[in-house]
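Take a look at the structure set out below.
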Protein chains: 2
Amino acid sequence: MATGRTHRPATRSRGIPEATVARLPLYLRALTALSERSVPTVSSEELAAAAGVNSAKLRKDFSYLGSYGTRGVGYDVEYLVYQISRELGLTQDWPVVIVGIGNLGAALANYGGFASRGFRVAALIDADPAMAGKPVAGMPVQHTDDLEKIIEENGVSIGVIATPAGAAQQVSERLIAAGVTSILNFAPTVLSVPDGVDVRKVDLSIELQILAFHEQRKAGEETGGGAEAAGTPAEGTTGGASGTGAAPAAGRAGRRLRAQGRARG
Amino acid sequence: MATGRTHRPATRSRGIPEATVARLPLYLRALTALSERSVPTVSSEELAAAAGVNSAKLRKDFSYLGSYGTRGVGYDVEYLVYQISRELGLTQDWPVVIVGIGNLGAALANYGGFASRGFRVAALIDADPAMAGKPVAGMPVQHTDDLEKIIEENGVSIGVIATPAGAAQQVSERLIAAGVTSILNFAPTVLSVPDGVDVRKVDLSIELQILAFHEQRKAGEETGGGAEAAGTPAEGTTGGASGTGAAPAAGRAGRRLRAQGRARG
DNA sequence: ATGTCTTTGTGAACGCGTGCACAAAGATTG
DNA sequence: CAATCTTTGTGCACGCGTTCACAAAGACAT
C-alpha cells in the first residue's frame, strides 16, 4: 500500500475500524462498475473477488455499517453504492486545493478520479510567479500569496501538497492556519501538524523501495540457494554477507531464473 | 498511507515483519538527511522523532536487522544508512520501466526520488504511436510493441503502470510474461497476478476518500452535536438519516467551526 | 578499576485485524 | 405451508504489530 497513516492513533472513528474505512473506497469502485453494467444485486463472494479481498472480511466490513444485505440473495448494488458513499461523505461536495503545480501537481489537476467522487479542484496554487495565470487543466494557476483568501472563500478543508520537500512543512502550516484540516502529502517529508488535523502520505519512492526489498529477496532465494533458510542472525561487519553474492549482476541473473513464478510458501 | 498491500499474505519475508519493511525507507530518508548534515550518531529517540514514529517501535524494528547500535551512545548514522540500504536492496541497481506516459507517467519519469535511491528509469513505454520518439524527461518514449524486448534487454524486474484502468490488466500480463515480478500500480483497478509477483497499489482517489470520511466525521461532531453518540445502528431506508443533516452546506458550515483544532480523544 | 549515567535491545502484555465456521434469515420450490 | 437451499451476519480463536518497562551493555568520569 502506497499510503501511510499518520496521526489518528488507533481510535475507531465511530465503531468503524480504520482498516475497514480504508477498504470502503475499494468496494465502492467495484460496486460502481457493477452499477454501470446494470447489475442489480451481488453476493459477498462476487463482490469480494471484484474488490480483491476475502469475502468474510467484506461481510464483516459491511456489518459495521449495518445490515444492508438480504440473506439468500446478496446486496442491492445501487443501495450499497449509496450507503457507502454516504458513509464516506461523498454525497457532499468537497472543494480541494492543490499546492505545488510541478509535474506531479499538474498530473493531479488533470486526474479524472477526483471529480467523479465528489471532489472538486477549487484552485491550483504555486509559489512561482511565472506560473501565475498559466492555465493547467483548464484552470489558471494562482499565486501562493492568495492561499489564505482562496481557502476561506471556497470553504476548503482538504489540501493536497505536491511541492518540493523543503516547502511542504511551511505550506501545511499556512493551509492549517487558514482552515484546512485534512492534508494529502506527496512531498517526501514528515509533516508535523496539530491535533485534529489528518495527514495521509503518498511517497512513490518508498513504494518502490518496498518492492525492491521483496525483489531482492526473490533473487537471493534462487541465486544464493538458501541464504535465509538457516535463519542466521545475519551480519559480520562488512557488506555482501547474506543474500547479495554478486550484487551488481544479481538483477539480471536472478531475473532470468525466476521467470515462471514459483509458488509462495 | 496511500498504499495497499496486495498478495503476500502475512508471510514474514525472512524474519523481518512486513510492517517493519514498510518503515525502513522512512528511517533511511531521515538518516540520509542527518548524513548530509554530517551528524555522526543519533539516538533512537531523535531518529524516531525525525521519522515520525515511536522510539520503541524504531528500536524493535532495528532489532530485526541486528544489533547496530551502541548502548549509551546511539546509532552510527553512516553505518546504519549502509545497513538499511543493503537490507532494502538499494545497493544494487534497479532498472524500472514506466508504462503509460500520460500526465502521471510523465510526472513519474521526472520524479527525482527514483534515481537517488538506486532506481533507474530504463524506458518509458506508451501505446499511443503519436507519443513514440517524443522526449519525456530527456528520454524518448517507446511503443508498447517493443515492451517485451525492452524488458529482456534491460533485465527489468520492476514495472510501473500508469495507464488508464482499462489497459492495466493486459499491460501487467505482458510485463509479467516478459519477466517482471514486481509492479507498482497507479491504475484504479485490481490486478490479478500469479503467485510470486508482488503488486503495490497507489490510488489517489482512495486516499482522498479516506480523508473525506474523517473530515465528514469532524464536521458532523460539531454541527450535528452527537449524531453518532447514541450508537444508533443507523438506517431507515432513504437518505439523510444520521450525520448529514444539511449535507450541501455542511462543508462550509463545519469548516468554519472547527478552525482551532480540537483535542482528539 | 569502580561507579554512575545513558541508551539500547527485548521479554511480555495487550489490542486490533483476519479468517473460520456456523447459526439465523430469508428466498424459492413443490 | 413445509422443506430445501443460498447467503448473510457474527462469535470465536489466532496471529501480527504495538507499546511498556526493564535488565544488560557500554561510555564516561573519577
Side-chain angles (χ1 to χ4, degrees), chain A residues 1 3-24 26-27 39-77 79-80 83 210 233-235, chain B residues 1 3-24 26-27 39-49 51-77 79-80 83 233-235:
Chain A
M1 139 167 15
T3 294
R5 296 167 189 67
T6 320
H7 241 245
R8 176 125 355 215
T11 320
R12 300 207 163 180
S13 297
R14 165 211 175 177
I16 302 185
E18 190 63 28
T20 295
V21 172
R23 279 188 295 267
L24 290 182
L26 228 58
Y27 303 143
V39 177
T41 62
V42 65
S43 72
S44 65
E45 203 72 46
E46 293 166 330
L47 185 55
V53 303
N54 179 305
S55 74
K57 195 187 297 186
L58 178 143
R59 285 199 300 277
K60 179 145 293 193
D61 281 344
F62 285 174
S63 79
Y64 292 117
L65 309 183
S67 291
Y68 295 150
T70 307
R71 300 181 189 220
V73 175
Y75 300 91
D76 181 283
V77 172
Y79 185 56
L80 202 49
Q83 290 300 343
I210 298 173
E235 284 341 299
Chain B
M1 110 179 59
T3 294
R5 296 164 190 67
T6 318
H7 241 247
R8 177 122 359 213
T11 320
R12 300 207 162 179
S13 296
R14 167 210 172 179
I16 302 185
E18 189 63 28
T20 295
V21 172
R23 279 188 296 267
L24 289 182
L26 229 58
Y27 302 144
V39 177
T41 62
V42 65
S43 72
S44 64
E45 203 71 47
E46 293 166 330
L47 184 55
V53 302
N54 180 306
S55 73
K57 196 186 298 187
L58 178 143
R59 285 199 301 276
K60 178 141 290 195
D61 282 343
F62 285 175
S63 78
Y64 291 117
L65 309 184
S67 291
Y68 295 151
T70 307
R71 300 181 189 222
V73 175
Y75 300 91
D76 182 284
V77 172
Y79 185 57
L80 202 48
Q83 290 300 343
E235 284 342 296

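Convention: sequence-line order gives letters A, B, ...; per-chain numbering from 1.
- Going from atom CZ of B:Arg23 over to atom C1' of D:dT19 covers 12 Å, rounded to whole Å.
- Counting to the nearest Å, the P atom of C:dA21 and the CG atom of A:Asn54 are 12 Å from each other.
- Atom CG of A:Leu58 is separated from atom OG of A:Ser43 by 9.5 Å, given to the nearest 0.5 angstrom.
- Spacing between atom CD of B:Glu18 and atom P of C:dG17 amounts to 17 Å, rounded to whole angstrom units.
- Straight-line distance from the CD atom of B:Gln83 to the C1' atom of C:dG9: 16 Å, rounded to whole Å.
- Rounded to whole Å, atom P of D:dA27 lies 13 Å from atom CG of B:Asp76.
- B:Asn54 contributes atom CG, which lies 9.5 Å from atom OG of B:Ser44 (distance to the nearest 0.5 angstrom).
- Atoms CD1 and CG, from B:Ile16 and B:Leu24 in turn, are 6.5 Å apart once rounded to the nearest 0.5 Å.
- In this structure, the CG atom of B:Leu65 is 15 Å from the C1' atom of C:dT10, given to the nearest Å.
- Within the structure, the salt bridge (charged side-chain N to carboxylate O under 4.0 Å, His left out) test picks out no pair touching residues 45-59 of chain A (sequence neighbours left out).
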Check the interface with nucleotides 7-10 of chain D: list each N/O to N/O pair with the protein under 3.5 Å, or write none.
unit_1	atom_1	unit_2	atom_2	d
D:dT7	O4'	A:Gly72	N	3.0
D:dT8	OP1	A:Ser44	N	2.5
D:dT8	OP2	A:Ser44	OG	2.6
D:dT8	O2	A:Arg71	NH1	2.9
D:dG9	OP1	A:Gly69	N	3.1
D:dG9	OP2	A:Tyr75	OH	2.7
D:dG9	O4'	A:Arg71	NH2	2.9
D:dG9	N7	A:Arg59	NE	2.9
D:dG9	O6	A:Arg59	NH2	3.3

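- Rounded to a whole Å, the NZ atom of A:Lys57 is 8 Å from the C1' atom of C:dG17.
- Remark: aromatic rings of A:Tyr79 and A:Tyr68 are close, center separation under 6.0 Å.
- Defined by atom type and a distance below 3.5 Å, a donor-acceptor pair is missing between the side-chain atoms of B:Asp76 and B:Thr41.
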